[in-house]
Amino acid sequence: MRLTAAQARRVAVAAQGFADAKPAGPVTRAHLKRLIARIQVLQLDSVSVSVRAHYAPVFSRLGPYDRDLLDRAAWSHSARSPRLLVEYWAHEAALMAVDDWPLMRWRMREYSHGRWGTEIVKRNAKLAEDIVAAVAELGPATAGQIEAHLESEPRGRKGPWWDRSDTKWVAEALWSAGVLTTATRIGFARHYDLTERVLPPEVVARHVDEQQAVRELTLRAATALGVATEADLRDYFRLGARQVKPAIADLVAAGEIEPVQVDGWTAPGYLRAGQTVPRRDRGTALLCPFDPLIFFRPRVERLFGFHYRIEIYTPAPKRRFGYYVWPFLVDGRLVGRVDLKADRAAGALHVAGAFCEPGEEPARIAEPLAAELTSMAGWLGLGDVTVGSRGQLPRDLATALR
């Protein structure tokens with residue numbers, strides 16, 4: 001089978017849910033559950049200059065919603081509303097469906113001494129035992145609360161990595177190993193608890209071997225991406241080539257994915273079986289830097305001809321577009337980008353810069369961008385949208401907002 005570049009782009013946008021109509025009424029838990037089943041992960045990030053990363057993909061696909069809905073799904077549990085999501089290294093640190101947690105058992109074994117700072121963890125085996133005992137006694141607790149409970153080292157004495165204490169390093173390692181998980185977050189601070197006290201016993205008891213888990217994760221990546229190269233499939237759940245190559249071969253043999261050629265792609269593509277090819281471009285949304293549609297930058301460039309890099313760590317004078325820039329999708333194409341900041345003191349969503357891609361008409365972009373920004377401002381509880389002077393769009397955007 002062969003796809004044009006435009007067909008591949010339409011498939012990718014539709015697979016991520018952007019071609020669907022947004023709910024007419026309030027966004028519900030059922031909407032959220034269906035979305036997670038579709039895109040699999042909500043990446044976590046600490047930057048809150050506009051809104052934290054995990055909230056944004058839900059807004060981009062479903063429109064304004066109560067963020068408490070997502071908080072309850074991720075960090076609380078009741079008989080009427082069981083926990084829907086759990087944190088783990090599903091892409092980077094991300095929220096994923098609770099029922100899918102066993103698919104990461106093989107990674108937990110790999111991270112038995114943590115993902116980073118493993119030497120710190122290995123030389124603190126007794127501290128690991130003490131942390132588990134402390135959490136068992138305390139219930140959900142931050143690393144600082146655990147450390148204070150243990151009095152394991154003088155307050156303020158830090159280890160050599162990222163100014164973290166040994167307690168923080170070991171607690172994070174236990175989280176990576178699946179011994180601890182996130183019970184809740186308060187002010188975005190992670191509160192650790194024993195995994196068996198947070199997740200359902202049937203989930204904790206379920207074991208999936210690595211080969212079976214990787215096959216399932218590869219299939220889920222193919223479903224979320226619609227059409228993808230091997231590199232795309234690997235990146236979605238950060239899998240290795242050694243793992244994914246046999247999984248792809250097995251899925252092709254089983255008819256779950258289909259090899260395709262895509263015009264302009266140098267690597268073979270794989271199309272999810274049953275995936276329809278939309279006849280026209282659809283989907284308009286602002287995308288945060290960690291949205292699943294765009295978090296693998298080589299794919300973004302291949303699909304959309306859109307070169308995108310986050311510039312948080314670039315010195316301000318060297319930034320091309322801004323600190324925290326949201327690509328703008330209009331009718332299934334990336335046509336611009338905006339540098340956004342939630343100015344809560346002024347009660348405004350501030351557009352520090354607004355840029356259109358080469359060959360795009362500012363007047364065509366400004367009206368749908370104004371609508372999305374107004375919707376986002378209302379969702380964030382901000383009464384106004386203000387526009388700076390950088391880029392090609394500010395004049396037309398200011399006019400459209402008026």
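Just so it is clear, the structure is predicted and the values come from calculations on it, not from any experiment.
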Is the closest basic N to carboxylate O distance between [X] and [Y] below 4.0 Å?
{"X": "Glu119", "Y": "Arg123", "result": "no"}
{"X": "Arg215", "Y": "Glu210", "result": "no"}
{"X": "Arg337", "Y": "Glu357", "result": "yes"}
{"X": "Arg234", "Y": "Glu230", "result": "yes"}
{"X": "Asp232", "Y": "Arg302", "result": "yes"}
{"X": "Arg364", "Y": "Asp331", "result": "yes"}
{"X": "Arg185", "Y": "Glu87", "result": "yes"}
{"X": "Asp281", "Y": "Arg333", "result": "no"}
{"X": "Lys168", "Y": "Glu172", "result": "yes"}

Hey, is [atom1] on [X] packed in by over 12 heavy atoms from elsewhere, all under 6.0 Å?
{"X": "Glu361", "atom1": "CD", "value": "no"}
{"X": "Arg309", "atom1": "CZ", "value": "yes"}
{"X": "Lys22", "atom1": "NZ", "value": "yes"}
{"X": "Lys33", "atom1": "NZ", "value": "no"}
{"X": "Tyr313", "atom1": "OH", "value": "no"}
{"X": "Glu92", "atom1": "CD", "value": "yes"}
{"X": "Arg280", "atom1": "CZ", "value": "no"}

Side-chain donor/acceptor of [X] to backbone N/O of [Y], under 3.5 Å:
{"X": "Ser78", "Y": "Ser81", "answer": "yes"}
{"X": "Asp339", "Y": "Tyr324", "answer": "yes"}
{"X": "Arg197", "Y": "Ala136", "answer": "yes"}
{"X": "Ser112", "Y": "Met108", "answer": "no"}
{"X": "Thr229", "Y": "Pro268", "answer": "no"}
{"X": "Glu311", "Y": "Gly322", "answer": "yes"}
{"X": "Tyr236", "Y": "Ala222", "answer": "no"}
{"X": "Arg9", "Y": "Phe304", "answer": "no"}
{"X": "Gln392", "Y": "Cys356", "answer": "yes"}
{"X": "Arg72", "Y": "Pro82", "answer": "no"}

Out of curiosity, [X] [atom1] to [Y] [atom2], how far, rounded to the nearest 0.5 Å?
{"X": "Gln16", "Y": "Leu287", "atom1": "CD", "atom2": "CG", "value": "9.5 Å"}
{"X": "Trp75", "Y": "Thr182", "atom1": "CH2", "atom2": "OG1", "value": "8.5 Å"}
{"X": "Tyr270", "Y": "Glu256", "atom1": "OH", "atom2": "CD", "value": "15.0 Å"}
{"X": "Leu44", "Y": "His54", "atom1": "CG", "atom2": "NE2", "value": "6.0 Å"}
{"X": "Thr218", "Y": "Leu233", "atom1": "OG1", "atom2": "CG", "value": "6.5 Å"}
{"X": "His350", "Y": "Asp343", "atom1": "NE2", "atom2": "CG", "value": "7.5 Å"}

Does NZ or CZ of Arg299 lie under 6.0 Å from the centre of the six-membered ring of Phe296, at an angle within 45° of the ring axis?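 Cation-pi check for Arg299 and Phe296: fails.
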
Is a side-chain donor-acceptor pair under 3.5 Å present for Arg115 with Ser176?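 There is no such pair (donor and acceptor under 3.5 Å, judged by atom type) between the side chains of Ser176 and Arg115.
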
side-chain contact (heavy atoms from CB on, under 4.5 Å) for Phe328 and Thr284? Distances and angles first, verdict last. CA-CA 8 Å; Phe328 185 42; Thr284 296; 4.1 Å; yes

Tell me which one of Trp101, Trp106, Trp175 satisfies ring-ring contact (aromatic ring centres under 6.0 Å, His included) with Trp89.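 Between Trp89 and the candidates, ring-ring contact (aromatic ring centres under 6.0 Å, His included) is satisfied uniquely by Trp175.
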
Quick one, [X] and [Y] - any side-chain contact, counting heavy atoms below 4.5 Å?
{"X": "Met104", "Y": "Met96", "result": "yes"}
{"X": "Asp263", "Y": "Gln7", "result": "no"}
{"X": "Leu70", "Y": "Arg67", "result": "no"}
{"X": "Val47", "Y": "Ile312", "result": "yes"}
{"X": "Ile310", "Y": "Phe290", "result": "yes"}
{"X": "Leu239", "Y": "Arg107", "result": "yes"}
{"X": "Val338", "Y": "Val325", "result": "no"}
{"X": "Ile36", "Y": "Leu85", "result": "yes"}

May I ask you to check whether Phe321 and Phe355 place their ring centers less than 6.0 Å from one another?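 They qualify: ring centres under 6.0 Å apart.
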
What side-chain donor-acceptor pairs closer than 3.5 Å can you find for residues 367-380, not counting sequence neighbours?
from: Thr374; atom 1: OG1; to: Ala370; atom 2: O; distance (Å): 2.8
from: Trp379; atom 1: NE1; to: Tyr65; atom 2: O; distance (Å): 2.8

Tell me, with the steps shown, if Leu329 and Val13 meet side-chain contact (heavy atoms from CB on, under 4.5 Å). CA-CA 10 Å; Leu329 186 78; Val13 171; 4.2 Å; yes

Please name the pair of heavy atoms, one in [X] and one in [Y], separated by the smallest distance, quoted to 0.1 Å.
{"X": "Ala400", "Y": "Ala366", "answer": "CB-O, 3.8 Å"}
{"X": "Val227", "Y": "Val11", "answer": "N-CG1, 3.8 Å"}
{"X": "Gln212", "Y": "Asp209", "answer": "N-OD1, 2.7 Å"}
{"X": "Ala53", "Y": "Cys288", "answer": "O-SG, 3.9 Å"}
{"X": "Ala97", "Y": "Val86", "answer": "O-CG1, 4.0 Å"}
{"X": "Ser50", "Y": "Arg344", "answer": "O-NH2, 3.7 Å"}

Walk me through it: do Thr195 and Val179 pass the test side-chain contact (heavy atoms from CB on, under 4.5 Å)? CA-CA 6 Å; Thr195 297; Val179 177; 5.6 Å; no

I'd like to check the side-chain hydrogen bond (donor to acceptor under 3.5 Å, both in side chains) partners of Glu196; sequence neighbours left out, ordered by chain and number.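 Residues passing side-chain hydrogen bond (donor to acceptor under 3.5 Å, both in side chains) with Glu196: none at all.
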
Test: salt bridge (charged side-chain N to carboxylate O under 4.0 Å, His left out). Region: residues 44-65. Which pairs qualify, not counting sequence neighbours?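 Matches after skipping sequence neighbours: Arg61-Asp291.
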
Mind running side-chain contact (heavy atoms from CB on, under 4.5 Å) on Asp235 and His91 for me, showing each step along the way? CA-CA 8 Å; Asp235 180 77; His91 175 69; 3.3 Å; yes

